[in-house]
Amino acid sequence: MIERVKEFPTLTIIRHPLVQHKLTILRDQQTQTKHFKELVDEIAMLMAYEATSELTVEPRDVETPLEKTSGRQVAGKKLTLVPILRAGLGMVEGIAQLIPSARVGHIGIYREHDTLQPVDYYFKIPSGEADRAFFLLDPMLATGGSAVAAVSALARAGAPVQRIRFMCLVAAPEGVRAMLDAHPKVPVYAASLDRELNSKGYILPGLGDAGDRLFGTR
Ligand code: PRP
Ligand code: URA
C-alpha cells in the first residue's frame with residue numbers, strides 16, 4: 001500500500017489503512033500527550049515494515065530441530081536508527097520493537113525560531129558507519145532544513161549516503177523538494193504529503209508542533 005508522486009521520485013507515501021487511521025487521530029488537536037506518543041510509535045513501526053522492504057539480505061545456514069537448512073538474514077552490520085532530537089525520539093521505540101537489534105544514534109538539531117535555519121547541537125552514532133544502513137527519524141519534514149543538515153552530518157561522519165533513508169510522518173512539498181535537491185539518493189518515507197507550509201514554517205494541515213505534543217511542552 002504505497003503511493004509514488006511523479007514530481008518527487010525519492011518519496012514513498014505509505015497508504016496502509018492502519019497508518020492513515022492512526023495519523024488522522026494524531027492530527028486531532030484533542031489527542032493528548034500519552035495517546036499522541038503511543039500513536040507516533042505505532043505509526044513508525046508500521047512504516048518501518050515498508051521502509052525496510054528493500055534491505056539487502058544474504059544467505060545464512062540454520063539448524064532446525066530436524067535438519068540443516070538455508071535461510072536469509074539482513075546483510076551488513078546492525079541497522080542504525082538515528083532520531084533527530086527531540087521529536088524523532090518518539091519514533092524509536094516502535095521501530096525497535098520490530099528491529100530489536102537496531103543500534104541508536106542521535107542527532108540534535110533545532111530550527112531557529114525566526115530564520116527557520118537548522119542549528120545543530122549534538123551528534124553521536126555507533127562506529128562502523130561504512131557498513132551500516134541508517135534510518136533517520138523525524139515526524140516532521142517542513143522546510144527540510146533539519147533533515148538536509150542531518151543527512152549531511154551523517155555523510156560527513158562516514159555513513160554511505162546510498163544507505164541512508166529518511167522516515168517522517170508528515171511531509172511538506174517544500175521539504176521533500178529540499179531533500180531531493182540536496183540529497184537525491186536518499187529515499188524519503190512519509191505517511192502523508194501535506195499541502196504547504198504557513199508563513200511560520202508550520203505544515204498545513206499538519207499536526208502542530210510535534211516535539212511539544214510529544215513531550216507536553218509549550
Ligand atoms: C521540528 C521537527 C523537525 C523540524 C522540521 O523540530 O521535529 O526536526 O522542526 O522543520 P524543518 O523541516 O523546517 O527543519 P524543532 O525545530 O521544533 O525542534 P525540537 O524537536 O527540538 O522542538
Ligand atoms: N515542526 C513541527 O513540529 N511542526 C511543523 O508543522 C513544522 C515543523
Side-chain angles (χ1 to χ4, degrees), residues 5 8 10-11 13 22-33 35-37 39-41 43-44 47-48 81-95 104-125 134-155 164-184 186-218:
V5 181
F8 300 122
T10 51
L11 178 65
I13 304 172
K22 289 170 190 291
L23 177 65
T24 303
I25 305 171
L26 196 69
R27 289 186 193 274
D28 189 337
Q29 60 177 341
Q30 305 290 350
T31 300
Q32 299 299 306
T33 299
H35 195 194
F36 191 92
K37 182 168 178 358
L39 287 163
V40 170
D41 264 334
I43 297 169
M47 289 182 67
L81 310 179
V82 185
I84 300 178
L85 308 179
R86 291 177 298 163
L89 284 174
M91 300 170 72
V92 172
E93 279 311 309
I95 302 176
V104 181
H106 294 88
I107 298 185
I109 297 179
Y110 70 89
R111 295 200 302 182
E112 210 277 318
H113 190 263
D114 297 320
T115 64
L116 301 182
Q117 290 305 302
V119 180
D120 10 348
Y121 59 92
Y122 189 75
F123 185 90
K124 182 85 178 173
I125 58 170
F134 290 88
F135 287 84
L136 202 47
L137 312 176
D138 195 322
M140 310 306 280
L141 180 62
T143 66
S146 305
V148 166
V151 173
S152 300
L154 277 180
I164 301 173
R165 294 167 174 83
F166 181 78
M167 278 179 61
C168 61
L169 306 192
V170 180
E174 294 87 336
V176 183
R177 169 59 56 199
M179 276 288 274
L180 180 60
D181 290 347
H183 301 297
V186 174
V188 172
Y189 296 87
S192 175
L193 177 63
D194 275 15
R195 194 176 68 247
E196 61 184 345
L197 295 179
N198 72 9
S199 59
K200 294 188 170 148
Y202 278 86
I203 301 175
L204 297 175
L207 48 75
D209 188 307
D212 282 350
R213 293 195 66 187
L214 258 175
F215 296 108
T217 47
R218 195 170 266 272

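Each ligand, and each atom within it, is numbered from 1 in the order the structure gives. Computed from a predicted structure; not experimentally measured.
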TODO: Look at ligand 2 and say whether G206 reaches it with a heavy atom at a distance under 4.0 Å.
DONE: no
When rounded to the nearest 0.5 Å, the distance separating CG of L81 from CD1 of I125 is 12.5 Å
Give yes or no for whether the N/O distance cutoff of 3.5 Å, strictly under, is met between T143 and ligand 1.
yes
Do the non-hydrogen side-chain atoms of E174 and T143 ever get within less than 4.5 Å of each other? no
heavy-atom search around atom 5 (C) of ligand 2 in the protein gives Y202 CD2, 3.5 Å
Counting from 1 in the order shown, the ligand 1 atoms closer than 4.0 Å to a non-hydrogen atom of A87 are 7 (O), 20 (O)
Q | atom 1 (C) of ligand 1 touched by protein heavy atom at under 4.0 Å | A | no
If you scan protein heavy atoms around atom 8 (C) of ligand 2, the nearest is R111 NH2, 3.4 Å
The atoms of ligand 2 lying under 4.0 Å from a heavy atom of G208, numbered in the order shown, are 2 (C), 3 (O), 4 (N), 5 (C), 6 (O)
Test side chain to side chain donor-acceptor pair (under 3.5 Å), reference T115, set Q117, E112, H113, output is E112
| request: Report yes if the side chains of L26 and V40 come closer than 4.5 Å at any heavy-atom pair, otherwise no. | output: yes
re atom 22 (O) of ligand 1, the protein heavy-atom contact at minimum distance is R86 NH2, 2.9 Å
Checking R27 side chain against G206 main chain: does a donor-acceptor pair fall under 3.5 Å?
yes
Ranked by distance from atom 17 (O) of ligand 1, the top protein heavy atom is D209 OD2, 4.1 Å
Quiz item: Below 4.0 angstrom, N of the basic side chain to O of the carboxylate: do R177 and D181 qualify?
Solution: yes
Numbered in order shown, the ligand 1 atoms found under 4.0 Å of a heavy atom of S146 are 4 (C), 8 (O), 11 (P), 14 (O)
In this structure, atom 5 (C) of ligand 1 is nearest to the protein heavy atom M140 O, 3.6 Å
Hey, does A147 come in under 3.5 Å of ligand 1, counting only N/O atoms on both sides?
-> no
heavy-atom search around atom 6 (O) of ligand 2 in the protein gives I203 N, 2.8 Å
Between S146 and I109, the two heavy atoms sitting closest are O-CD1, 3.5 Å
Heavy-atom proximity to atom 7 (O) of ligand 1, picking from V170, D138, L89, points to D138
Using distance alone, decide if ligand 1 has a nitrogen or oxygen within less than 3.5 Å of any nitrogen or oxygen in G144. yes
Under 4.0 Å from one or more heavy atoms of R111, ligand 1 contributes atoms 9 (O), 10 (O), 11 (P), 13 (O), 14 (O), 16 (O)
Flag: protein heavy atom within less than 4.0 Å of atom 12 (O) of ligand 1: yes
Near G201 (heavy-atom distance under 4.0 Å), the atoms of ligand 2 are 7 (C)
Counting heavy atoms under 4.0 Å, the part of A142 that contacts ligand 1 is both
Item to complete: For the pair R111 (side chain) and G145 (backbone), establish whether a donor and an acceptor sit closer than 3.5 Å, ignoring hydrogens and angles.
Response: no
(Q) Tell me if a side-chain donor or acceptor on T10 pairs with a main-chain N or O of L180 at a distance below 3.5 Å. (A) no
Is D212 salt-bridged to R86, going by a charged N under 4.0 Å from an acidic O? yes
Taking Q30's backbone N and O only, do any of them form a donor-acceptor pair with Q32's side chain (distance below 3.5 Å, no angle check)? yes
Of all protein heavy atoms, the one nearest atom 3 (O) of ligand 2 is A210 N, 2.8 Å
Close side-chain approach of D209 and Y202, heavy atoms under 4.5 Å: yes
Counting heavy atoms under 4.0 Å, the part of A142 that contacts ligand 2 is side chain
request  = Measure from the side-chain N and O atoms of R213 to the backbone N and O of G208, and report whether any donor-acceptor pair falls under 3.5 Å.
outcome  = no
